[in-house]
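Remember, it's 1-based here, ligands and their atoms both numbered in the order they're listed. For clarity, every value in this text was computed on a predicted model and none was experimentally measured. We count residues from 1, following the sequence as given.
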Amino acid sequence: MLKIFFMSFFTLFLNASSNKENINFNSNPYPLAATSDVSDKSYILYETPLSENLINKSFNRIVAEGIINDPNVIFEMWIPRDDINLSTSVVKYSVIRGELKVYKNGRFWVFFDVNFGKVSRFKIVVVNNGVKKDKFNIEIYEVQPVTVNIKRDGDDQNQYVSDDKTLSLPDDLPFKFIRRSDWNAKPPSDDYTKHIPQKITIHHTAGNYPATYDDALSEIQFIQDYHQNAKGWIDIGYHFLIDPQGNIFEGRPVLVVGAHVANKNTNNVGISIMGNYHPPVNNQLTDIEINSIITLVKYIKDRYSIVKENFYAHRDLAATDCPGDIIYSKIPYLKEKIFDNSEKSVSVMIDIDNTDLKNSLEKQLNSVN
Ligand SMILES: [Zn+2]
């Protein structure tokens with residue numbers, strides 16, 4: 001009895017706080033993946049099982065993203081109707097056609113607007129619309145319910161600011177930084193909300209693991225597009241992204257509220273590591289990525305005086321697998337490297353002619369270290 005009570009309580013708790021998590025399709029692990037033979041007769045190339053029941057969630061759109069090897073498809077959302085014919089037990093479906101965008105490399109996002117009423121369960125069906133490949137491959141990285149066109153995080157209108165260079169990190173950084181202009185970021189679709197960084201949260205993108213710099217550029221452009229045009233956010237959700245080569249990219253400017261931990265975005269800097277660091281994908285976390293995380297977080301915590309207790313992994317703040325077991329296992333190491341071993345970073349420029357004074361200053365600095 002007690003056990004049953006405890007379990008249902010736990011389930012309730014998980015449901016209540018898992019609003020950023022993927023929709024469950026018969027417990028199939030993400031990425032949802034399949035390969036199917038394509039013939040002239042193939043109409044349905046792929047379909048998910050029926051989803052979990054979403055009746056208690058509030059949303060007006062379902063978004064999904066992943067990768068396919070042929071763009072000539074249509075995504076549909078099939079919603080079982082109540083008027084099942086009991087004599088034949090044929091289930092009838094209402095069908096919504098998805099708004100689909102496919103990149104050259106096969107990365108796609110799709111959304112289904114469901115604001116006509118409640119949706120409890122559904123499946124995603126991929127329909128052949130002239131696929132040229134013999135085999136159709138699909139991987140779906142994420143399926144989530146979202147609510148678009150509501151008030152955003154950070155509600156004080158006085159804090160609204162338009163895009164401006166002063167919201168970003170300064171020019172004289174001690175590391176290579178790929179700014180928005182370098183990756184051809186789209187401007188935000190609306191004003192940002194200002195904030196002061198006080199926390200840092202580590203994520204993984206659970207998306208592509210870019211093999212080259214060009215792949216990383218394409219992936220970050222894809223993510224911004226998905227966040228703006230499928231999820232309906234004003235800009236890419238994260239403040240920083242790091243690729244497997246250790247490149248550090250600017251996402252949303254650091255001094256504005258991001259979109260990376262639901263209801264906990266204000267004063268929170270989101271750093272996302274590109275790739276999927278969770279079973280079954282288990283991308284490799286490279287040493288150079290780890291170095292870049294340490295370099296970036298050290299800089300941010302020094303610049304904004306952020307304390308160790310306010311350094312989080314996403315799963316510390318919400319019911320999610322993010323940033324994946326592989327990165328999560330490194331969090332204690334990262335914390336120690338960033339916050340404990342860091343000699344107080346001394347930002348004194350020694351650029352003077354008096355050699356004696358310079359030597360004595362250097363001696364002082366060394367003794368501090
Ligand atoms: Zn996350």
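Taking the ring centre of F339 as origin, the terminal cationic atom of K335 falls outside the region bounded by 6.0 Å and 45° from the ring axis.
The Zn ion (ligand 1) has no N, O or S atom of H204 inside 2.8 Å of it. Because the distance cut-off is set at 2.8 Å, H203 qualifies as a neighbour of the Zn ion (ligand 1) through one of its N, O or S atoms.
Applying the side chain to side chain donor-acceptor pair (under 3.5 Å) rule to E76 yields the partners W78; only residues at least two apart in sequence or on another chain are considered.
H314 contributes atom ND1 as its closest N/O/S atom to the Zn ion (ligand 1).
F75 and I67 are assigned to two separate hydrophobic clusters, defined by single-linkage of ILVMFWY side chains at heavy-atom distances under 4.5 Å.
Between E142 and the choices Y226, W109, Y30, the side chain to side chain donor-acceptor pair (under 3.5 Å) rule is met once, by Y226.
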